[in-house]
Amino acid sequence: MNQQEMVNTLTDVKAELYVLGTAIDSVLEALEVGESTAAKVKPTPPEEPKLSLEEVRAVLADKSMAGFRDEVKALITSFGVNRLSEVPADKYKELVEQAEALGNGSN
């Protein structure tokens, strides 16, 4: 490699190092912005898994078979409906909690 080729190679390396330095500066800046943003953002609690109609039905069926058939029916009608399928999905958790309390001395 002659002197001119070495100069050209070193000039290319210098240009690549400049590009790399600029990229590193951008990453550092993003991390600094991310840290200050992360400090301001409150973590959200994880969402509880949504119950499906089938899961609710299984809990109520277990309670019915355990001798709480009338109580299960009363729970369903306490939501202003006559059938489990008519209970609003946003009430499933409440319904299951009440059903699970049957027979535990909580009612």
Side-chain angles (χ1 to χ4, degrees):
M1 179 180 285
N2 66 34
Q3 186 174 358
Q4 186 57 43
E5 290 173 336
M6 248 193 261
V7 168
N8 289 341
T9 301
L10 290 174
T11 302
D12 290 344
V13 169
K14 179 182 174 186
E16 293 299 323
L17 288 174
Y18 175 79
V19 170
L20 180 61
T22 303
I24 290 172
D25 287 341
S26 297
V27 170
L28 287 172
E29 184 178 312
L31 289 173
E32 290 168 356
V33 168
E35 285 176 2
S36 65
T37 303
K40 294 176 187 175
V41 175
K42 293 180 182 177
T44 57
E47 281 190 33
E48 292 184 25
K50 304 276 187 221
L51 292 169
S52 69
L53 177 61
E54 293 75 20
E55 291 169 317
V56 176
R57 182 172 280 127
V59 170
L60 297 181
D62 286 345
K63 287 297 181 175
S64 289
M65 289 188 291
F68 297 100
R69 186 171 185 272
D70 293 337
E71 291 87 342
V72 167
K73 182 64 178 167
L75 278 177
I76 293 170
T77 58
S78 74
F79 287 88
V81 298
N82 293 317
R83 301 171 51 116
L84 175 59
S85 61
E86 297 170 344
V87 174
D90 64 336
K91 299 292 184 182
Y92 288 171
K93 180 181 176 190
E94 182 181 348
L95 177 58
V96 167
E97 287 172 352
Q98 292 178 17
E100 287 175 340
L102 293 174
N104 295 334
S106 300
N107 53 345

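Just so it is clear, the values below take in all heavy atoms, side chains as well, and ignore hydrogens, waters and symmetry mates. Because the structure is a prediction, the values reported are computed rather than measured. Each residue takes its place number in the sequence, starting with 1.
In Gln3, the CD atom is not crowded: 12 or fewer heavy atoms of neighbouring residues, nucleotides or ligands sit closer than 6.0 Å.
Taking the side chain as every heavy atom from C-beta outward, Leu17 and Lys14 never approach each other to under 4.5 Å.
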Would you give me the side-chain donor-acceptor pairs under 3.5 Å for residues 95-102, sequence neighbours excluded?
{"residue": "Gln98", "atom": "NE2", "partner": "Glu94", "partner atom": "OE2", "Å": "3.4"}

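The structure places CG of Leu84 at 6.5 Å from OH of Tyr92, a figure rounded to the nearest 0.5 Å. Atom CZ of Arg83 sits about 14.0 Å away from atom OG1 of Thr77, to the nearest 0.5 Å.
When hydrophobic residues (I, L, V, M, F, W, Y) are linked wherever their side-chain heavy atoms come within less than 4.5 Å, the members clustered with Met1 are Met6.
The cationic group of Lys91 does not satisfy the cation-pi geometry with Phe79, failing either the under 6.0 Å distance to the six-membered ring centre or the 45° limit from the ring axis.
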Original post:
How far apart are the C-alpha atoms of Ile76 and Val72, what are their side-chain angles, what is the distance that settles it, and do they pass the side chain to side chain contact (heavy atoms under 4.5 Å, CB included) test?
Top reply: CA-CA 6 Å; Ile76 293 170; Val72 167; 4.2 Å; yes
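Panel note: side chain Lys73, backbone Asn82; a donor-acceptor pair is recorded below 3.5 Å.
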